[in-house]
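Working notes for the structure below.
Note that the structure is a prediction, hence the values are computed from the model and not measured. Excluded from the calculations below are hydrogen atoms, water molecules and symmetry mates; all remaining heavy atoms, backbone and side chain alike, are included. Labels below follow one simple rule: chain letters A, B, ... track the order of the sequence lines, proteins then strands, and each chain is numbered from 1.
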Amino acid sequence: MKIPNVITAMLAGIILTLASLWFGQNHGLMPVAASEEAPLVDDLFNAMMTIAAGLFILVQGALVISIIKFRKRPGDETDAFPVDGNLSLEIVWTAIPVVIVLGLSVYSFEVYNSMGGLDPMASHDHGPHQMAMTSGAAIAAPLPGMEDTMPPATEQKIALGVGASPENQGNPADLEVNVMGLQFAWIFTYPESGVVSGELHIPAGKEVQLNIAAQDVLHAFWVPQFRLKQDAIPARTTELRFKPKVPGDYPVVCAELCGAYHGAMQTRVVVETPEDFEAWLQTQIALQKDAASQTVAMNPGELSDGEFLTPFVRDMGIDSAALEQLHPPAHHEHHNS
Amino acid sequence: MTTAGIETTVKPPEPHGESDGNNWRKYFSFSTDHKVIGIQYLVTSFLFYLIGGLLAEGVRVELATPDPDFVDPQLYNGLFTVHATVMIFLWIVPGTAGFANYVIPLAIGAKDMAFPRLNAVGFWLIPPGGILLLSSFFVGAPGAGWTSYPPLSVVGDKAGQLLWILSVLVLGTSSILGAINFLSTILKMRIPDMELNDMPLFCWAMLAASALILVSTPVLAGALILLCFDLMAGTPFFNPMAGGDPVVYQHMFWFYSHPAVYIMILPVFGMISEIIPVHARKPIFGYQAIAYSSLAISFLGLIVWAHHMFTSGTPGWLRMFFMIATMAIAVPTGIKVFSWVATIWGGKLRLNSAMLFAIGFVSMFLVGGLSGVMLASVPFDIHVHDTYFIVAHLHYVLFGGSVFGIYAAVYHWFPKMTGRMMNEFWGKVHFFLTFFGFNLCFLPMHWLGLQGMPRRVAQYNPEFATVNMVCTVGSFILAISTLPFLFNAIWSWIAGPKASANPWRALTLEWQTSSPPPVENFIEEPVLWSGPYEYGIDTLSDRQSVDELLTEVKGEV
Ligand code: HEM
Ligand SMILES: [Cu+2]
Ligand SMILES: [Cu+2]
């Protein structure tokens, strides 16, 4: 290689590195990171974006230079100089990807472990459990006044999903919420207080565990700002355990196709200070005492799904007529920048 | 082999394929000529591509605005379900099979495929499969996505879902028949001088893809038959309410459908490895590495399926295993990309339509490959799974990859197939419109997914409205970009300038017979004059030049 060539190559290499490093940090593609786990995922994503940007510039750059420099000159009908391989070059471009993917695997493994993905309570599959016991109501979310049929919140259940981060493993979460996905809504039950809600309220800075179930078909619970997603599967409990951090209003999105109104299956999660959360909880308890005194004589097993759901549907501000009109539910304001 | 029996029933070969080429009726008959079958495959799959494209425009029009205001939401689900099924099973799989059918026997100097009649059966399963699928619109189109996950797929309209299952079973059978034929043809019908390592790389790619088809498609068939029982007879294989397990379906489905993405890209890898050296006038860089990386992809492709299930009912250790296996597949894929770039580098590039699409392929496939590696990472995939980020990824590999590659192949082999040249000006218009429309449509989808837009929705939050509108405009440009191609192809086929036997001065055997080739492919037994990619030997003084070589061969034709 001639000296000027070496210098150009080095310069190009430096520019490429700087450009990828800058891009990896400044792409601005992710929404606000509102949970303690989210920044881990974002750092991983940034690292992958840096590498991807480098490879992108390298390969596209080579293609663009080729198009300019190696296009056929008018009148030149001869062939190019035949180079049909170069063993050391081939070894290099096999070895570099090997190193990259090994590194990414180890890094991703670490992130997944710190998020709690390998929590033994959340990473063993025990297959589907029979749903027969819940037939009749066919709904596993407890009604107010029916909580005693559900396992007590402190009992350690084994479910799939993302569990406790290693330092919290073995300790129960600060707050457990049972999440039920059904066509086309989410129902959140707070087993300790019996509160049932169409919106998820959680206290910032506390460990939250969601026990996710589905009533009819597959759904997926996704909060983009938490970078967390888990399918809701009929007859199988899944879980997500995390620590919300930044107070705000974020969307809860159903990410698994569940029927005609899948796109409308959205609600919101409100991350609030522990005091605000406590206040909200108390109002809900008071509200539901009133409601329960009116419906206490009903046996849910005898109701159709529609009748059974009416009280919840009213709470959530959706009704079947609204669904049938094909209009999207009111879109809630939420942080997104 | 079995061809001997067939030949007696074929009318006596005419000295020039040309007069025979005017007999359009043969394209509507049960022909056993691989060249006729190849063109049948290509034209049929292209018609389905147009239909699939219209369905996609329906999806994009709905998504132009946040409200579900264009079609009924259930019909919307039908649109994207049938769109995806058409594009996979009726366009890319049969389209690449069409090229393999046409080119492979010629490229290995054979008279036909190993089993010509089976070959014809394979093709003739396609139209009924397609009609079954499209007729579902009359009874309520299937709306559970091309993945058709239970329980959703078994609780909706039965008729449409049943048609979907039957159609995919028929099309899968066709694909298996094709694979058996390609394997036997490539392994058994090469001219005697051609060792495995003298084969054009397209043959290697078809070996790898066919092996994948044979191993994985039966598992899909199994899953679909069980699904059909659940749907029609109420069996509980996948029904959680009765003790079944929907996650088992997902495993069976993806055991086929991950390999399916390689079934759709490996043949295109092969075609690109043919096209680039010819138009770069340079040998392929690293023949062995490209050949063996196809086999490596084929093997690894069988053990990565659960990367589609990182948020499903899968335990942590399983997510980790499949993450690492998936990452590994990036290595042989990277080898291919680097080898193509190194082939282009230092060439004397003929930037014609075929080459533009081939370079476009490398460039767009790269983007899809890079996002693929990111998706392999479980913590990141948990965020973007089932979002528009996935839609972006899969279109960069399947449209930017497979479709760009198929177009490159059309411009490259059209002269051989029809005996006429395509118009270069309109070819370039086609390329630039496609390249621009494609990126305008799909690049912004990465952002949508990362920000929070799930896939398969008819309505979305208004904050995504502007970007979705951009995507929809891109999709219109894409739709328009097919018009120059369509008219160019039709006009050139009828009235384009006549093509010589070897307009690109290529070295593989299919270019050493007339364009189009006679019924029996080669008037005289073809002779292996050189390796498939020995371009540029004229710059080395001690060897014959490519031109001399080709003139010598031409004397024989
Ligand atoms: C470097 C190579 C590749 C890697 C590492 C890779 C990885 C992945 C991963 C992990 C997913 C699942 C993402 C999710 O759903 O959460 C995915 C989805 C997908 N990939 Fe790739 N991919 C690669 C290349 C390809 C190729 C070559 C094709 C096809 C030609 C392809 C087609 C698809 C499709 C169609 C989906 C979405 C399937 C669906 O959910 O409907 N990928 N890819
Ligand atoms: Cu949904
Ligand atoms: Cu895959």
Item to check | Within residues 50-58 of chain A, residues adjacent to chain B where the heavy-atom gap is under 4.5 Å | outcome: Ala52(A), Leu55(A), Phe56(A)
Checklist outcome for this item: Whatever's closer than 4.5 Å to a heavy atom in chain A on Ala376(B) counts as neither
Checklist entry - Under a 4.5 Å heavy-atom cut-off, does chain A meet the side chain of Ser339(B), its backbone, both or neither? => result both
Checklist entry - For Leu152(B), is it the side chain, the backbone, both, or neither that has a heavy atom closer than 4.5 Å to a heavy atom of chain A? => result both
Checklist entry - Between Leu40(A), Asp76(A), Ile100(A), which shows the greatest number of heavy-atom pairs under 4.5 Å with chain B? => result Asp76(A)
Next on the checklist: Given heavy-atom pairs under 4.5 angstrom as the criterion, report whether the side chain, backbone, both or neither of Leu351(B) touches chain A.
Outcome noted: side chain
Checklist entry - Side chain, backbone, both or neither: which part of Leu29(A) has a non-hydrogen atom closer than 4.5 Å to chain B? => result both
Checklist entry - Checking heavy atoms, do the side chain of Val98(A), its backbone, both or neither come under 4.5 Å from chain B? => result both
Checklist entry - Between Val41(A) and chain B, which part of the residue has a heavy atom less than 4.5 Å away: side chain, backbone, both or neither? => result side chain
Checklist entry - Side chain, backbone, both or neither: which part of Arg455(B) has a non-hydrogen atom closer than 4.5 Å to chain A? => result backbone
Next on the checklist: What part of Asp216(A) gets within 4.5 angstrom of chain B, counting heavy atoms only: side chain, backbone, both, or neither?
Outcome noted: backbone
Checklist outcome for this item: Honestly, the part of Leu44(A) sitting under 4.5 Å from a heavy atom of chain B is side chain
Checklist entry - So what's closer than 4.5 Å to chain B heavy atoms on Glu90(A): side chain, backbone, both or neither? => result side chain
Checklist entry - Side chain, backbone, both or neither: which part of Trp222(A) has an atom under 4.5 Å from a heavy atom of chain B? => result side chain
Checklist entry - Should Gln250(B) and Leu218(A) count as side-chain neighbours, where that means a heavy-atom distance under 4.5 Å? => result yes
Next on the checklist: Using side-chain heavy atoms (C-beta onward) and a distance below 4.5 Å, is Val247(B) in contact with Arg236(A)?
Outcome noted: yes
Next on the checklist: Under 4.5 Å from any heavy atom of chain A, what part of Pro150(B) do you find: side chain, backbone, both or neither?
Outcome noted: backbone
Checklist entry - So which part of Met115(A) gets closer than 4.5 Å to some heavy atom of chain B, the side chain, the backbone, both or neither? => result side chain
Checklist outcome for this item: Counting heavy-atom pairs under 4.5 angstrom with chain B, the leader among Ala95(A), Ala38(A), Pro224(A) is Pro224(A)
Checklist entry - Is chain B contacted by the side chain of Ala62(A), its backbone, both, or neither, given a heavy-atom distance below 4.5 Å? => result both
Next on the checklist: Is Met453(B) close to chain A through its backbone or its side chain, or both, or neither, when contacts mean heavy atoms under 4.5 Å?
Outcome noted: backbone
Item to check | Part of Leu370(B) lying under 4.5 Å from any heavy atom of chain A | outcome: side chain
